[in-house]
Amino acid sequence: MKLGPEFFHRDCLEVAPELVGKILVRRLPEGGEIRLRITETECYRGEEDTACHARFGRTKRAGVLYRESGTLYVYLCYGIHWLLNIVTGEVDVPQAVLIRACEGFPGPGRLTKRLGIDGSFNGLSINSCPCLWVEDDGQRFRIIPDRRVGIDYASEEDRNRLWRFKAADRL
DNA sequence: TTAGTGATATCC
DNA sequence: GATATCACTAAA
């Protein structure tokens, strides 16, 4: 069944590990549906998190992170890859969960490429978008926490946080 | 290991 | 206006 707004309206530290194992569903404009199980997420949490895009405050790009939970935050990385995040928690508290990987698509850039997700999705809500949502099929997985990747610029404290969550064996 | 790619934040 | 930086990937 489809995850409702209440699922995302919590702290990203709760949402990120729970999102692992859920099914990301994309309805394509040309017809057809892609269903992929989420295998890896990361949490970016607040202006205090020196790895988070909101570390400079409410900039033009990071402004989306301050919006209501369920808002999609899609931005271009390294000039090539679109990365998909879902905003979580309260309005005006900037935090989000990055969908890092799904089954068969190990990497946030490859994932969005497969799903046909680009900057035009930025600011849409996963709660109202007819072409993208998340479902729970009841399947549960053991979760392995790990350090986040690609954030060398962050403080040592933040680099060491175990805010990446990977699916391991089926429970 | 390295190039490729372009938006963003920050400095003038 | 300029430039350094970047939540990555594919090819070698």
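A quick note: this is a predicted structure, and the numbers were derived from the prediction, not measured. To find a chain, count down the sequence lines: A is the first, B the second, and so on, and within it residues start at 1.
- At distances below 3.5 Å, not a single donor-acceptor pair connects side-chain atoms of A:Asp136 with backbone N or O atoms of A:Met1.
- Scanning all heavy atoms of the two residues, the minimum distance from A:Pro17 to A:Thr41 falls at N-OG1, 4.3 Å.
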List the atom pairs, with distances to 0.1 Å, where a side-chain N or O of residues 122-129 of chain A and a protein N or O form a donor-acceptor pair under 3.5 Å, not counting sequence neighbours.
{"unit_1": "A:Asn122", "atom_1": "OD1", "unit_2": "A:Val74", "atom_2": "N", "d": "3.0"}
{"unit_1": "A:Ser125", "atom_1": "OG", "unit_2": "A:Asn127", "atom_2": "N", "d": "3.0"}

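- A:Arg100 comes within 4.0 angstrom of sugar-phosphate atoms only, judged by non-hydrogen atoms across all strands, and of no base.
- In this model, a donor atom of one side chain and an acceptor atom of the other lie less than 3.5 Å apart for A:Tyr66 and A:Glu47.
- Considering A:Arg148, A:Arg100, A:Lys22 in turn, A:Arg100 is the only one that fulfils the salt bridge (Lys or Arg N to Asp or Glu O under 4.0 Å) rule with A:Glu40.
- Between A:His9 and A:Glu68, the side chains place no donor N or O within less than 3.5 Å of an acceptor N or O (distance only, hydrogens not considered).
- Among the heavy atoms of the strands lying under 4.0 Å from A:Asn85 is at least one base atom, whether or not backbone atoms are also near.
- Computed from coordinates, the A:Tyr75 OH to C:dT5 C1' distance equals 12 Å when rounded to whole Å.
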Please write out the pairs of protein N or O atoms and N or O atoms of nucleotides 7-9 of chain B separated by less than 3.5 Å, giving the distance to one decimal.
{"unit_1": "B:dA9", "atom_1": "OP1", "unit_2": "A:Thr59", "atom_2": "OG1", "d": "2.6"}

**Item:** Watson-Crick and G-U pairing of DNA chain C, under 3.5 Å, as dot-bracket with | and [ ]
**Value:** ||||||.||||.

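- Between A:Leu84 atom CG and C:dT9 atom P the separation is 13 Å, expressed in whole Å.
- Within the 3.5 Å criterion, the main-chain N or O of A:Tyr73 finds a donor-acceptor partner in the side chain of A:Asn85.
- The two atoms that bring A:Cys52 and A:Leu65 nearest to each other are SG-CD1, 4.1 Å, heavy atoms only.
- Residue A:Leu83 places its side chain closer to C:dC8 than to any other of B:dG4, C:dT9, C:dC8.
- For the pair A:Tyr78 OH and C:dA10 P, the interatomic distance rounds to 14 Å; values are reported in whole Å.
- Atom-to-atom, CG of A:Leu98 to P of C:dC6 comes out at 17 Å; the value is rounded to the nearest Å.
- Between A:Glu103 and A:Thr39, the shortest heavy-atom distance links the atoms N-CG2, 3.6 Å.
- For the pair A:Glu40 CD and C:dC8 P, the interatomic distance rounds to 10 Å; values are reported in whole Å.
- Spacing between atom NZ of A:Lys113 and atom C1' of B:dT5 amounts to 14 Å, rounded to whole angstrom units.
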